[in-house]
Chemist: 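Sharing a structure below in structure tokens format, with a few things to ask.
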Amino acid sequence: GCVAVIDFAGTGVWVHVQDATLSNCTVTSEATEQVPRSSTSNADVEYDVTLVGGGLGVVNTADVWVSRVRIELCSVTMPYLPVFASSLLRTPRMYGGGLGVMFDQMVGASYDAAVDDPRSRGVVIEDFTAIGNLVMTPSSRAIGGGGGVAVAALPVDIGLIIVASVAADGNSVSGSQLAGGGMLFADTALRPASTFIGPSLALSNNKAPSGGGLALSAVTSTSIELIELLGLELRGNIAVGVGGGLSVASPSSADARVVIREAVAAGNTAGTSGGGTGIAGLALVIVSNSTFDGNHAMRGGGLAVADQAILQLDNTQVVGNTAEYGGGLAAEGTTCLLQSGCAITGNVAGRYGGGALVSSGTLTYAAGDVAVSGNRAEIAGGGVFECLLSQACGKTLASPCNGVGSGDVSSMTYVESISPADAAAQTTLNTPSNLASDPVALVKTDGTTTGMVATISSGQEISRTLKSGSERT
């Protein structure tokens, strides 16, 4: 909108944008653009619209350094695009209300670091501020987002990717397929050894359909190493759907492994799941030395993780969050590990699972200092609620929480502790119960034993394994 940097790939030129303030600029598509895919049929069309960088757009440029730049009140907008049955190959895209960095393979750009520029240094964004920028479209066909900053479709061999000391405040994204109110990383294979996201990313008061503060969308890793997000500060962001503060999603659970260190997610809101953070489809997520405080969602007020991910929390506090289901944490189809130093305290669920809701997965307490206490659920499972079959979790017998078929409880999972004390002993002072599951509720009948109360419909047979101390009962 204000400045465009285009097609410097393979030139050996190092583009440096420094000490600039850009404001009130716009990139827009005034009309629907279509190109024929076939010379024999003008009706056979596809959209060919890519909009990048309301303030600063960097396209097909392998070496760029943006530092000490402020972009405010800029926008990327796209009109409504009619639906054509054959308009699927080229999806309209829009990135970066403030700053957009991308490679556009659709227009014939190609990049091979070994051939084009073996000295490639990569993309560096530091000491950058984005205030009040916007990405907006009424079209349901457009993808992209990144109200403040977007980094998208970078080649695998781009070299370094460094994003540090970034502040994004009051940016927004509007469009049903868009994400990342403050910042977006999308459709990019990151190289863990040369990708540095953080430290000092302060994302506040941003809004998007998903990932109100930050979204990692269809991001994969080129190796089994962990992609690190360091020093995130997510405050007061809003997502209409998943991930009020942060959303992370990968197309394949085997591709992406992410570690989140020294993060603060406070006062964020998600309309569906993951008030602080929503994660789906990753092989492994480790959250360490972080705090999730005062976030809200329908499911998983502090965190929500789903779709076969493994979530490990190390020395992390989940405090004072609220949700209808899983006030502190919702783990669905997931293995969740609570390591030493973790605390899930003071969270509230409007229905089930004040501290945590577990469905079709496991929640494991590690030996050592783990506390799940002082949480409250209005109906059951003040500490931990394990969803099995009933509508308590928003599921039906035809679509049970553990996904094993109508009424089949043969492969139900359980909440397990690997410490000397059982999970009930570590889960204390919750209201109305420390541990509960449906249709089986676990209650502490005295100081040493775990009782079992079952509600079983006529003709229904249930087989259940519960762990209490070192024995199975």
Side-chain angles (χ1 to χ4, degrees), residues 244 269-278 292-306 311 313 316-332 334 336 338 342-365 370-396 400-402 412-417 422-445 450-455 464 466:
T269 301
T272 56
S273 62
T277 294
F292 297 82
D293 185 0
N295 304 285
H296 176 75
M298 178 62 69
R299 303 174 76 85
L303 300 93
V305 59
L311 173 66
L313 302 183
T316 289
Q317 315 302 305
V318 182
V319 181
N321 304 281
T322 60
E324 286 298 293
Y325 305 94
L329 166 69
E332 304 184 55
T334 296
C336 182
L338 301 182
C342 287
I344 300 180
T345 61
N347 303 284
V348 177
R351 297 181 67 80
Y352 299 88
L357 175 84
V358 182
S359 64
S360 188
T362 61
L363 175 67
T364 300
Y365 294 67
V370 175
V372 180
S373 63
N375 304 285
R376 186 177 83 250
E378 297 303 324
I379 298 180
V384 177
F385 185 89
E386 184 184 13
C387 173
L388 302 176
L389 289 173
S390 90
Q391 297 179 2
C393 306
K395 303 289 185 177
T396 66
C401 294
N402 63 347
M412 294 188 299
T413 56
Y414 56 88
V415 178
E416 180 181 6
S417 168
D422 68 6
Q426 293 189 64
T427 308
T428 59
L429 303 177
N430 299 289
T431 304
S433 54
N434 290 324
L435 290 173
S437 58
D438 183 46
V440 178
L442 304 180
V443 294
K444 199 74 170 176
T445 57
T450 299
M452 175 173 143
V453 178
T455 303
R464 182 79 173 135
L466 307 176

Chemist: In the structure I gave you, are the side-chain heavy atoms of Leu329 and Leu311 within less than 4.5 Å of one another anywhere?
Modeler: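 Yes, their side chains come closer than 4.5 Å.
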Chemist: Can you name the side chain to side chain donor-acceptor pair (under 3.5 Å) partners of Thr345, sequence neighbours left out?
Modeler: none
Chemist: Carefully, step by step, assess Asp293 and Val318 under the rule side chain to side chain contact (heavy atoms under 4.5 Å, CB included).
Modeler: CA-CA 6 Å; Asp293 185 0; Val318 182; over 6 Å; no
Chemist: Side chain to side chain contact (heavy atoms under 4.5 Å, CB included) for Ile344 and Val384? Distances and angles first, verdict last.
Modeler: CA-CA 10 Å; Ile344 300 180; Val384 177; over 6 Å; no
Chemist: Minimum heavy-atom separation for Ala323 to His296, with atom names?
Modeler: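 Closest pair (atom of Ala323, atom of His296, distance): N-ND1, 4.1 Å.
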Chemist: Between Ala377 and Gly354, which heavy-atom pair has the shortest distance, and what is it?
Modeler: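 Looking at all heavy atoms of both residues, the shortest contact is CB-N, 3.7 Å.
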Chemist: Do the side chains of Phe292 and Val319 get nearer than 4.5 Å, heavy atoms only?
Modeler: no
Chemist: Is it true that the side chains of Arg351 and Tyr325 contain a donor and an acceptor less than 3.5 Å apart?
Modeler: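 Yes, side-chain donor-acceptor contact under 3.5 Å.
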Chemist: For Gly274 and Ala297, which heavy atoms make the closest approach, and how far apart are they?
Modeler: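 Scanning both residues completely, I find the closest heavy atoms to be N-CB, 3.8 Å.
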Chemist: Apply side chain to side chain contact (heavy atoms under 4.5 Å, CB included) to Arg299 and Leu357, showing your working.
Modeler: CA-CA 8 Å; Arg299 303 174 76 85; Leu357 175 84; 3.5 Å; yes
Chemist: Can Cys336 and Val358 be said to form a side chain to side chain contact (heavy atoms under 4.5 Å, CB included), step by step?
Modeler: CA-CA 9 Å; Cys336 182; Val358 182; over 6 Å; no
Chemist: Of Asn321, Asn347, Thr322, Thr277, which is the lone residue that meets side chain to side chain donor-acceptor pair (under 3.5 Å) with Asn295?
Modeler: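 Only match with Asn295 under side chain to side chain donor-acceptor pair (under 3.5 Å): Asn321.
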